[in-house]
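Down below is the structure, laid out as structure tokens.
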Number of protein chains: 2
Amino acid sequence: MSSDTRDRLLQGTIDALRTQGIAGVSARTIAAAAGVNQALVFYHFGSVDELLAAAAMWSTEQQVAAYREPFERVRSLRELQKVGRELHTRESAAGNVTVLGQMLAGAQTNPAFAAATRDALALWTVEIERVLARVLADSPLGEVADVPGLARAVAASFIGMELLAAVDPEGDKAAFRALDQLGALLEYLDDLGPASRAAARRAVRTAVRRSVRA
Amino acid sequence: MSSDTRDRLLQGTIDALRTQGIAGVSARTIAAAAGVNQALVFYHFGSVDELLAAAAMWSTEQQVAAYREPFERVRSLRELQKVGRELHTRESAAGNVTVLGQMLAGAQTNPAFAAATRDALALWTVEIERVLARVLADSPLGEVADVPGLARAVAASFIGMELLAAVDPEGDKAAFRALDQLGALLEYLDDLGPASRAAARRAVRTAVRRSVRA
DNA sequence: GTCTATAGCCGGATAGAC
DNA sequence: GTCTATCCGGCTATAGAC
């Protein structure tokens, strides 16, 4: 059946990307991982590059759907960190975030990949924006924060740390601990009284204006 | 002269990595970029992989040396952000950070690359640790912060955002603006009076203990 | 140290049988 | 839709002349 083979190829592409990396994927390695004939890559997707682009979107859509519900339940920065940590632990073991890292690396020198990767990444940032907007709604940051920008910073940092984890697991753990501290500091600001919060708000506003000029 | 050819190959590797990515580098593309014969890759470095590992260290050593002085002059979080932004702008245009991203992508499936990339990355984190320790010395964060962890988070995020910049320049700009806001918030904490700072310190300590248990 | 030449493998992609 | 067979180009690596 056609749609079955298509799905096998998409999943095979993700598996190949995970085990071989962007430098090691080929129509042959993908077909082997998918358990189908090599020529079918070209019949169904035209070229290896087009298959890679399609697989990035396909895989990301599935993952984002799986985390939509946990994200919905998040009500505080602390809970967001907890979900983020779980996502990192689970998907790091499954190797699903690495796939985006590999695509991102390939995208640096391949405009077609760049478009596909940007779209796949956008699926994540949309969700992160939603959560951040809700979580920051009551904090001093919420009124001035560039939530879309923050969402992109979170997504980019996440991928960077995912790539780091493979070469330096201890460093990765330490980095996550440090980010927890940062979150704790921000939550502390939320718990300040009205006067201090107003001062914090002013400080951030001033700093933002300064950074926009720079 | 031998050392001349070695250097040409090292620089050619960086150039090839920048223009072709990890998926596109080969003894042939490297030799072409270096302007030397292809067989010299194997004479001087044994294999393409060994040349890539050597080039990652070689290039990173140069870059870190170039930023040692600006880093030395940094006295506040604000100044650190300014230097970081300059580094991002300049090296993004020159494509020197992308090289580490490409190595990191290759390292996910190649243990030899992983070791080389960890070592190259360590050159950066050592410098960042030094600056962070100095900058945070007088803040509530300084006493409890996991400075090595924070340095690794900064390095990983930097590479993630560098990779993002190529596929989404606007998103990258927005992400940097958001991080400036974060820095502004942290600086605000530094400017609090002694009573508030003591409270912030306690909040962070409690949160850190909580996150260590988790 | 540097070059040419080449062995031998793996890659993308297609033609054409079924 | 799926398969086999194949073209052809680029790849790593080495042998051997200079």
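Convention: sequence-line order gives letters A, B, ...; per-chain numbering from 1. Atoms considered below: every heavy atom in the structure, side chains included; atoms not considered: hydrogens, waters and symmetry mates.
Within the 4.5 Å cutoff, the side chain of B:Leu87 has heavy atoms near those of the B:Phe71 side chain. At least one side-chain heavy atom of A:Leu10 sits less than 4.5 Å from a side-chain heavy atom of A:Phe45. Between A:Lys82 and A:Glu86, the closest side-chain pair of non-hydrogen atoms falls below 4.5 Å. Considering only heavy atoms from C-beta on, B:Met103 comes within 4.5 Å of B:Leu17 through its side chain. You'll find the side chain of B:Leu123 reaches within 4.5 Å of the side chain of B:Met57, heavy atoms only.
For B:Leu51 and D:dA13, the CG to P distance is 11 Å, given to the nearest whole Å. Look at CG on A:Asn37: it is 7 Å from C1' on D:dT2, rounded to the nearest Å. Protein atom CD of B:Gln20 is 19 Å distant from nucleotide atom P of C:dG11, rounded to whole Å.
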Summary of protein contacts for nucleotides 12-18 of chain C, nucleotide by nucleotide, where a base hit scores B, a sugar-phosphate-only hit scores S (4.0 Å, heavy atoms): BBB----
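There is no side-chain donor-acceptor pair under 3.5 Å between A:Gln11 and A:Asp7.
Residue A:Thr5 places at least one side-chain N or O closer than 4.0 Å to OP1 or OP2 of D:dT2.
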